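Here's the structure, in structure tokens; my notes come after.
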Amino acid sequence: MARLQPVRGTHDILPEDGRRFRHIVETFRDIAERYGMAEIATPVFEFTEVFKRSLGETTDVVMKEMYTFEDRSGDLITLRPEYTAGIVRAFISGGMHQNLPCKFYAWGPMFRHERPQKGRLRQFHQLDVEVLGAAEPTADIEVLALAWDLLSALGLADKVTLELNSLGDADSRATYRAALVDYFSAHKDRLSRDSLDRLERNPLRILDSKDEGDRAIIASAPLLTDYLNPDSAAFFDAVRAGLDALGIPYTVNPRLVRGLDYYTHTAFEFTTEALGAQGTVLAGGRYDGLVEQLGGPPTPGIGWASGIERLAMLVDDPAPARRPIAVVPLGEAAEREALVLCHRLRRDGFVVDMAYRGNLGKRMKRANKVNARAAVILGDDELTRDAATVRDLDSGEQREVAMADIAAALAPYRQQVA
RNA sequence: GCGGGUGUAGCUCAGUCGGUUAGAGCGCCAGAUUGUGGCUCUGGAGGUCGCCGGUUCGAUCCCGGUCACUCGCCCCA
């Protein structure tokens with residue numbers, strides 16, 4: 001260690017970033033609650049088994065990216081690399097299937113041991129939404145609408161495109177997968193190395209290979225859409241009709257496949273050009289088999305997650321901070337008086353800043369630096385009259401106000417923002 | 001995990017074809033101005049030139065390694 005650095009791929013959220021971060025989270029909570037979602041918080045670590053069983057043994061996340069360790073009682077523990085598994089586990093262990101559907105939202109840190117890049121960290125934060133116990137396409141539509149509302153509220157509507165696909169139900173997906181394996185196996189000699197690997201582990205992923213040679217082969221590969229059975233096709237139609245009705249723009253991308261094993265039916269990604277290789281800003285889909293796979297009662301589910309740091313890179317301005325009132329005492333008697341005044345004003349809902357030391361000039365400088373909207377100057381003169389000087393720091397105008405009337409005199413500055 | 005680029009003050013960046021005290025702007029501190037901030041002027045603090053090693057009389061500069069960041073791949077939010 002010795003080096004005074006944050007661990008690779010982690011970073012501090014300093015106050016300026018913090019405001020932006022908080023703005024995103026607050027916008028998210030507000031909108032999620034409008035959709036009747038309830039906040040849930042699950043532990044940052046779980047038994048390793050929870051992630052292995054839900055994500056799939058052969059997933060990259062499980063194979064090479066998990067922070068896994070043995071704790072002091074010998075249990076195998078993993079820092080959560082994503083939210084869904086933990087929430088589904090909580091759903092099962094909390095016996096919440098009695099009261100369906102469950103609509104959850106959550107946010108917090110995630111951990112993945114990847115090579116860091118812009119927009120890709122080892123500790124990062126996600127917003128997350130999960131709806132459990134709803135098999136209807138209406139749930140898909142609602143969950144997508146929530147995502148769209150959030151991105152719009154953050155001012156990202158035109159920086160982002162929604163790509164949509166359907167993987168079909170388990171049957172459709174299995175037949176399609178078999179067809180794909182047949183097709184690609186026939187072209188094995190021309191496939192890239194990476195894709196040969198994918199052929200073993202997750203053949204669907206070959207479809208969004210960036211390799212040029214692969215692309216030529218992919219061009220005439222069987223299309224997922226042709227393998228959707230009637231139920232799956234009808235489901236996908238219903239989702240699209242819903243989005244159309246709500247005026248939510250999207251493009252169908254038949255090559256969109258998600259990396260994790262548990263997805264069925266709807267799969268989607270909101271992507272942007274603005275973040276280089278890490279263009280996915282919000283992504284998710286339906287996972288009808290997951291709850292059962294984790295040992296719960298058969299329960300359909302759908303959800304998404306979004307990277308807060310990635311959103312933060314796209315959001316224009318941090319939410320403005322409230323401008324404080326600066327209290328400026330002169331002399332010991334005034335100092336005592338000022339302390340009481342600060343207290344009173346804060347209890348009254350004002351943001352108040354008082355320097356700990358310095359003469360009038362110093363303190364006024366500080367008032368300016370903290371972007372105070374107004375200053376209350378308390379000196380001997382004023383004290384003898386039981387009054388203070390209230391100075392508007394934008395206009396430079398000031399007047400003397402009786403102590404009893406200070407709060408009223410400051411009222412116009414109460415909610416001023418930068 | 002694989003390949004490329006970068007690393008000089010708190011921040012943004014100059015610079016040294018290898019040579020003695022390494023610079024600027026912004027920011028910070030102080031003074032001009034002991035009861036009035038912003039503007040201006042003056043002064044000041046702040047650097048193991050990422051770290052370790054090598055070559056050399058001499059390395060911030062060249063070489064190797066390492067760490068961090070960054071771009072692309074893999075994968076993903």
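This one's a predicted model, so the numbers in the text were calculated from it and none came from an experiment. So you know, we letter chains A, B, ... as the sequences are listed, proteins then strands, and number each from 1. Because only heavy atoms are used, hydrogens play no part in the values below, and waters and symmetry mates are left out as well, while side chains stay in.
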Please list each protein N or O that sits under 3.5 Å from an N or O in nucleotides 26-32 of chain B, with the distance.
{"residue": "B:C29", "atom": "OP1", "partner": "A:K369", "partner atom": "NZ", "Å": "3.1"}
{"residue": "B:C29", "atom": "OP2", "partner": "A:K369", "partner atom": "NZ", "Å": "3.4"}
{"residue": "B:G31", "atom": "OP2", "partner": "A:K362", "partner atom": "NZ", "Å": "3.0"}

Show the distances under 3.5 angstrom between N or O atoms of the protein and N or O atoms of nucleotides 42-44 of chain B.
none

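Following rounding to the nearest Å, A:L330 (CG) and B:U36 (P) show an atom-to-atom distance of 10 Å. Across the protein-nucleic acid pair, A:D208 atom CG and B:C76 atom P stand 8 Å apart, rounded to whole Å. Computed from coordinates, the A:R8 CZ to B:U66 P distance equals 12 Å when rounded to whole Å. In this structure, CG of A:N202 is placed 9 Å from P of B:C75, rounded to the nearest angstrom. The distance from atom NE2 of A:H113 to atom P of B:C2 is 11 Å, rounded to the nearest whole Å.
At a threshold of 4.5 Å between non-hydrogen side-chain atoms, the residues A:R363 and A:P329 count as touching.
The base-pairing partner of B:A59, taking Watson-Crick or G-U wobble contacts with both distances under 3.5 Å, does not exist among the strands shown.
In terms of position along RNA chain B, the nucleotide closest to A:I377 lies nearer the 5' end than the nucleotide closest to the other residue of the pair A:G119 and A:I377. Each of A:P116 and A:M364 was matched to the nucleotide of RNA chain B holding its nearest heavy atom; the match closer to the 5' end belongs to A:M364.
Within 6.0 Å of atom CZ in A:F45, 12 or fewer heavy atoms from other residues, nucleotides or ligands are found, so the atom counts as exposed in its surroundings. Within a 6.0 Å radius of CZ in A:F47, no more than 12 heavy atoms belonging to other residues, nucleotides or ligands are found.
At the heavy-atom level, A:A367 lies nowhere under 4.0 Å from the strands shown. Counting non-hydrogen atoms under 4.0 angstrom, A:R112 reaches a base of the nucleic acid.
Checking B:G35, B:C75, B:C2 against the side-chain heavy atoms of A:R115 singles out B:C2 as nearest.
Taking 4.0 angstrom as the limit, A:Q117 places a side-chain polar atom (N or O) nearer than this to OP1 or OP2 of B:G72. Note on A:R391: every side-chain N or O is 4.0 Å or more away from OP1 and OP2 of B:G37.
A donor and an acceptor atom never sit less than 3.5 Å apart when one is taken from the side chain of A:N368 and the other from the base of B:G38.
Between the side chains of A:T299 and A:E292, no donor-acceptor pair is found at a separation under 3.5 Å.
The six-membered or imidazole ring of A:Y287 lies away from that of A:H265, with a centre-to-centre distance of 6.0 Å or more.
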